[in-house]
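Here the structure is laid out as structure tokens; the discussion comes afterwards.
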Amino acid sequence: MNILLLGSGGREHALAWKLAQSPSLTKLYAAPGNPGIAEEAEIVPLDATDHGAVIAFCAERAIDLVVIGPEAPLVDGLSDSLRAAGVPVFGPSQAAAQLEGSKGFTKDLCARAGIPTAGYVRTSSLEDARAALARFQPPYVLKADGLAAGKGVVIAETLPEAEDALADMFGGGFGTAGAEVVIEEFMVGEEASFFALTDGTAILPFGSAQDHKRVGDGDVGPNTGGMGAYSPAPVLTPELQARVMAEIIEPTVRTMREEGNPYQGVLFAGLMLTAQGPKLIEYNARFGDPECQVLMMRLACDLVPILDACAHGIKRIKPVFSDETALTVVMAAKGYPGTPEKGGAIALGNAEANGAKVFHAGTALKDGALVASGGRVLAVTATGVNVTEAQARAYQAVDAVSFPSGFFRRDIGWREVARERG
Ligand code: AMP
Ligand code: GLY
């Protein structure tokens, strides 16, 4: 098969690395890619917002499957344009991608389908939103409705803070994403992620993970896209996974199909494990970054038929994951998640010597040398018999990397390492 992979982050490097190992692959193309992806694929100059150009490329190179990594092209309807042109796609339609693209859409769907999630109110003006605050207790959870690159959620401890945040959201602080704001009940519990693949009807559980969203050790500081992750997440026991499937994933897929928006691709559920059971925090319509890196590291079978089956029928697919734990540490450029320092030199040294894998997230080549070009720069990934061993191996690899203008967390996996110590 000829495959076109769209995206340029660590998630896409992990997908490219796994796709390139497939015996079913004839040729892998990627756009815009990065220097890590370039080792696995031919980089082509394609702009994913130019649907016509992507369709023309697929015809010219006889592309059998387009794999869309990030959310923006999904919410922009690229899957619909490709499907209309007869090109199979891994990724949901624009209507189905509303599960990520609109928090209010997802909350209303949960309400219709009886899916456990935080109580909420959708508001479309500052006045309504301020009035609605009276119905909630602090801390107040405020969410810009649309895509905001992971930055659209504010948890305000006090009423004045909540009012300021609402004024910012409705004042355009998050662009058009803040034209509507969802106010939610605050849920208490541990967070975990669950992945499921679907063709719109059949559903295939595809593993669990936990990530570390805050920038600093001990989970302090501002939220980021994710500073590290591991898979599987032992807190998501087989019993809890069965509940997540029955109470959250299955009703979602069924309702989307019944309402004429069948969902095809990966559903990435962010969950809160509350005293009452698992509740949905949010959906993403794509693999997580860096959760994808740890899933791909553990996947012990061919990825191509799995992604292809989401477009053609997934019933007979049986993914095989290694029993090992994979853990990834994100090395970011100083300044992230604010303005990251660009251009810092990187030397990977012998980081991969002990079976670790360094996925490129925000790198570029400058005069033939590897430099930082984004906030999250590398995702250094290793496996082990448990989180403790995977963590030790990942940090051994991190310590072999020279990246003076970078930083990373030293405690990825801390919850599970503490539990493993007992
Ligand atoms: P989201 O972008 O919706 O995943 O939210 C970002 C983060 O905010 C989540 O990972 C949670 O840590 C937190 N969060 C979101 N919604 C809630 C909620 N209703 N209760 C408690 N924490 C929440
Ligand atoms: N790591 C969280 C995400 O990809 O949204």
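Just follow the structure's listing: the first ligand is 1, and inside any ligand the first atom is 1. FYI, the numbering just counts along the sequence from 1.
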Just checking Glu190: does its CD atom have more than 12 heavy atoms from other residues, nucleotides or ligands closer to it than 6.0 angstrom?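 Check passes, neighbour count above 12.
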Do Asn223 and ligand 1 have an N or O pair less than 3.5 Å apart? no
Can you name the atoms of ligand 1, numbered from 1 with element, that are less than 4.0 Å from a heavy atom of [X]?
| X | answer |
| --- | --- |
| Glu185 | 18 (C), 19 (N), 20 (N) |
| Ile281 | 3 (O), 4 (O), 15 (C), 16 (N) |
| Ala118 | 19 (N) |

Going by the 4.0 angstrom heavy-atom rule, the piece of Val188 near ligand 1 is neither
Taking 4.0 Å as the limit for heavy-atom contacts, which would you say applies to Met187 with ligand 1: side chain only, backbone only, both, or neither? both
Of all residues at least two apart in sequence or in a different chain, which pass the side-chain hydrogen bond (donor to acceptor under 3.5 Å, both in side chains) check with Asp308? His312
SB check [X] [Y] (cutoff 4.0 Å):
| X | Y | value |
| --- | --- | --- |
| Asp108 | Lys103 | no |
| Glu282 | Lys143 | no |
| Arg286 | Glu71 | yes |
| Arg257 | Asp199 | no |
| Glu239 | Arg243 | no |

Any idea how Phe287 and Phe206 line up, ring-wise: parallel (<30°), tilted (30 to 60°), or perpendicular (>60°)?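 Taking Phe206 first and then Phe287, their aromatic rings sit tilted (interplane angle of 30° to 60°).
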Whether Phe57 and Tyr29 hold their rings parallel, tilted or perpendicular, with breakpoints at 30° and 60°: perpendicular
Only one of Lys213, His212, Arg409, Arg214 passes side-chain hydrogen bond (donor to acceptor under 3.5 Å, both in side chains) with Asp219; say which it is.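 The single option meeting the side-chain hydrogen bond (donor to acceptor under 3.5 Å, both in side chains) with Asp219 is Arg409.
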Identify which of Val154, Leu271, Val153 has a heavy atom lying nearest to atom 5 (O) of ligand 1. Val153
Looking at non-hydrogen atoms alone, which of Glu282, Lys213, Met272, Lys143 comes nearest to atom 15 (C) of ligand 1? Lys143
Are any protein N/O atoms closer than 3.5 Å to the N/O atoms of ligand 2? If there are, list each pair with names and the distance to one decimal place.
| residue | atom | partner | partner atom | Å |
| --- | --- | --- | --- | --- |
| ligand 2 | 1 (N) | Asp211 | OD2 | 3.3 |
| ligand 2 | 1 (N) | Gly225 | O | 2.8 |
| ligand 2 | 1 (N) | Asp289 | O | 2.9 |
| ligand 2 | 1 (N) | Glu291 | OE1 | 2.9 |
| ligand 2 | 1 (N) | Glu291 | OE2 | 3.2 |
| ligand 2 | 4 (O) | Arg286 | NH1 | 2.9 |
| ligand 2 | 4 (O) | Asp289 | N | 2.9 |
| ligand 2 | 5 (O) | Arg286 | NH1 | 3.3 |
| ligand 2 | 5 (O) | Arg286 | NH2 | 2.9 |

Against ligand 1, does Thr117 come closer than 4.0 Å with any heavy atom?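 Not so, Thr117 does not reach ligand 1.
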